[in-house]
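Step one of this worksheet: look at the structure below.
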Amino acid sequence: MNNRKYLVASLFIALALGGCASDEAARTTGDEAGGAPAQTAPADSGAASGTALSDRERQRRAELLAQKRVHFAFDSSTIDDEARAIIEAHSAHLVANPQLKVTLEGNCDERGTREYNLALGERRAQAVERMMKVLGVAGSRIKTVSYGEEKPLCQEHDESCWRQNRRAEIGY
């Protein structure tokens, strides 16, 4: 139920930002990933809303697209605000580039059984997939896979390392 609220709120934010991208208040909220990314439109075309994008907006969108990982809290598949912004940017990029397909890889830290971690990794990948679908990406262009604890970024056995391993990776 909680994920549904986040998805609905994300859709509302994306639609609101698409309709008011020229509004200075929308530029300062931090949720600037709603429209098409700058690299898919000429510099003065203004993406999906028909208004010119500022250099700041283009830079913010490029920074979000450069991030290919969204991280999760321990034992959770809930998307937080930071992850939401990254997913919104990638979704807008996919909508603007219909020839692209994406693979979402769910990962976990080493704690928990192999079976549990595979299931949690799948839930994480599916959470990102659901949000992308809400934001207009066709399900046929999205593939999800879970690696559980099998592809750690960090091999240490401490919280800072585990935090890095709790993620979904976005691959084109």
Side-chain angles (χ1 to χ4, degrees), residues 1-15 17-18 30-37 39-40 60-172:
M1 185 68 172
N2 207 11
N3 282 343
R4 183 167 293 196
K5 289 179 192 176
Y6 286 121
L7 292 174
V8 171
S10 296
L11 180 59
F12 178 77
I13 290 169
L15 292 173
L17 288 176
D31 287 327
E32 298 161 343
Q39 65 195 54
T40 62
R60 172 74 172 147
R61 290 179 183 174
E63 289 169 0
L64 289 169
L65 280 175
Q67 297 179 52
K68 304 284 188 180
R69 295 181 184 125
V70 294
H71 293 274
F72 294 87
F74 175 71
D75 197 27
S76 174
S77 59
T78 301
I79 295 170
D80 64 15
D81 291 338
E82 182 180 338
R84 182 173 292 107
I86 295 167
I87 297 165
E88 288 173 346
H90 283 280
S91 297
H93 181 67
L94 286 161
V95 168
N97 294 280
Q99 76 281 6
L100 294 178
K101 293 186 178 194
V102 66
T103 300
L104 306 172
E105 300 175 353
N107 295 273
C108 300
D109 63 37
E110 66 191 42
R111 297 171 291 177
T113 65
R114 183 177 188 281
E115 294 78 17
Y116 182 83
N117 285 338
L118 282 170
L120 179 57
E122 184 66 21
R123 287 193 306 273
R124 289 174 174 166
Q126 289 173 346
V128 176
E129 176 187 34
R130 278 190 304 273
M131 185 170 187
M132 285 184 163
K133 286 179 178 179
V134 166
L135 294 171
V137 180
S140 62
R141 298 172 55 205
I142 304 170
K143 176 184 172 187
T144 62
V145 63
S146 175
Y147 290 109
E149 62 192 72
E150 302 301 319
K151 292 180 102 178
L153 291 176
C154 182
Q155 300 287 335
E156 301 300 318
H157 306 288
D158 58 36
E159 181 55 39
S160 108
C161 194
W162 294 329
R163 189 177 312 117
Q164 292 177 50
N165 292 334
R166 297 189 302 254
R167 70 195 189 280
E169 297 210 20
I170 301 168
Y172 294 101

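As the structure is a prediction and not an experimental result, all values here were calculated from the model.
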Exercise. What residue pairs, at least two apart or across chains, pass salt bridge (charged side-chain N to carboxylate O under 4.0 Å, His left out) with a residue in residues 141-156?
Worked result: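 For residues 141-156, and leaving out neighbouring residues, the salt bridge (charged side-chain N to carboxylate O under 4.0 Å, His left out) pairs sorted by first residue read Arg114-Glu150.
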Problem set entry | salt bridge (charged side-chain N to carboxylate O under 4.0 Å, His left out): pairs with one or both residues in residues 160-172, sequence neighbours excluded |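 Salt bridge (charged side-chain N to carboxylate O under 4.0 Å, His left out) check on residues 160-172 returns Arg69-Glu169, Asp109-Arg166, Glu159-Arg166, Arg167-Glu169.
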Drop me the distance from [X]'s [atom1] to [Y]'s [atom2], to the nearest 0.5 angstrom.
| X | Y | atom1 | atom2 | answer |
| --- | --- | --- | --- | --- |
| Ile86 | Asp81 | CD1 | CG | 11.5 Å |
| Phe72 | Asn165 | CZ | CG | 13.5 Å |
| Glu82 | Ile87 | CD | CD1 | 10.5 Å |
| Glu110 | Trp162 | CD | CH2 | 6.0 Å |
| Lys68 | Ile170 | NZ | CD1 | 7.5 Å |
| Leu153 | His71 | CG | NE2 | 7.0 Å |

Exercise. Can you check whether Cys161's main-chain N or O pairs, donor with acceptor, with Asp158's side chain at less than 3.5 Å?
Worked result: yes
For this session: State, without any angle test, whether Gln126 and Glu122 hold a side-chain donor-acceptor pair at a distance under 3.5 Å.
Result: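 Yes, a side-chain donor-acceptor pair sits under 3.5 Å.
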Problem set entry | Test side-chain hydrogen bond (donor to acceptor under 3.5 Å, both in side chains) applied to Tyr172 and His93, His90, Lys101, the passing residue |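 The passing option is His90.
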For this session: Would you sort out whether Ile142 and Val137 count as a side-chain contact (heavy atoms from CB on, under 4.5 Å), showing the intermediate values?
Result: CA-CA 8 Å; Ile142 304 170; Val137 180; 3.8 Å; yes
Closest approach of [X] and [Y], non-hydrogen atoms and distance?
| X | Y | answer |
| --- | --- | --- |
| Val95 | Pro98 | O-CD, 4.0 Å |
| Gly106 | Ala125 | N-CB, 3.8 Å |
| Ser146 | Asn117 | OG-O, 4.0 Å |

For this session: Begin from the C-alpha positions of Leu104 and Val145 and carry the test side-chain contact (heavy atoms from CB on, under 4.5 Å) through to its verdict.
Result: CA-CA 6 Å; Leu104 306 172; Val145 63; over 6 Å; no
Exercise. Within 45° of the six-membered ring axis of Tyr147 and under 6.0 Å from that ring's centre, is NZ or CZ of Arg124 located there?
Worked result: no
Exercise. Taking NZ, NE, NH1 and NH2 as the nitrogens, is one of them in Glu88 or Arg84 under 4.0 Å from a carboxylate oxygen of the other?
Worked result: no
For this session: Sort and list the pairs that fulfil disulfide bond (SG atoms under 2.5 Å apart) and have at least one residue in residues 67-109, not counting sequence neighbours.
Result: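 Applying disulfide bond (SG atoms under 2.5 Å apart) to every pair that reaches into residues 67-109, excluding sequence neighbours, yields nothing.
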Problem set entry | Greater than 12 external heavy atoms within 6.0 Å of Glu63's CD | yes
For this session: Applying side-chain contact (heavy atoms from CB on, under 4.5 Å), run through Leu120 and Asp75 and close with a yes or a no.
Result: CA-CA 7 Å; Leu120 179 57; Asp75 197 27; 4.2 Å; yes
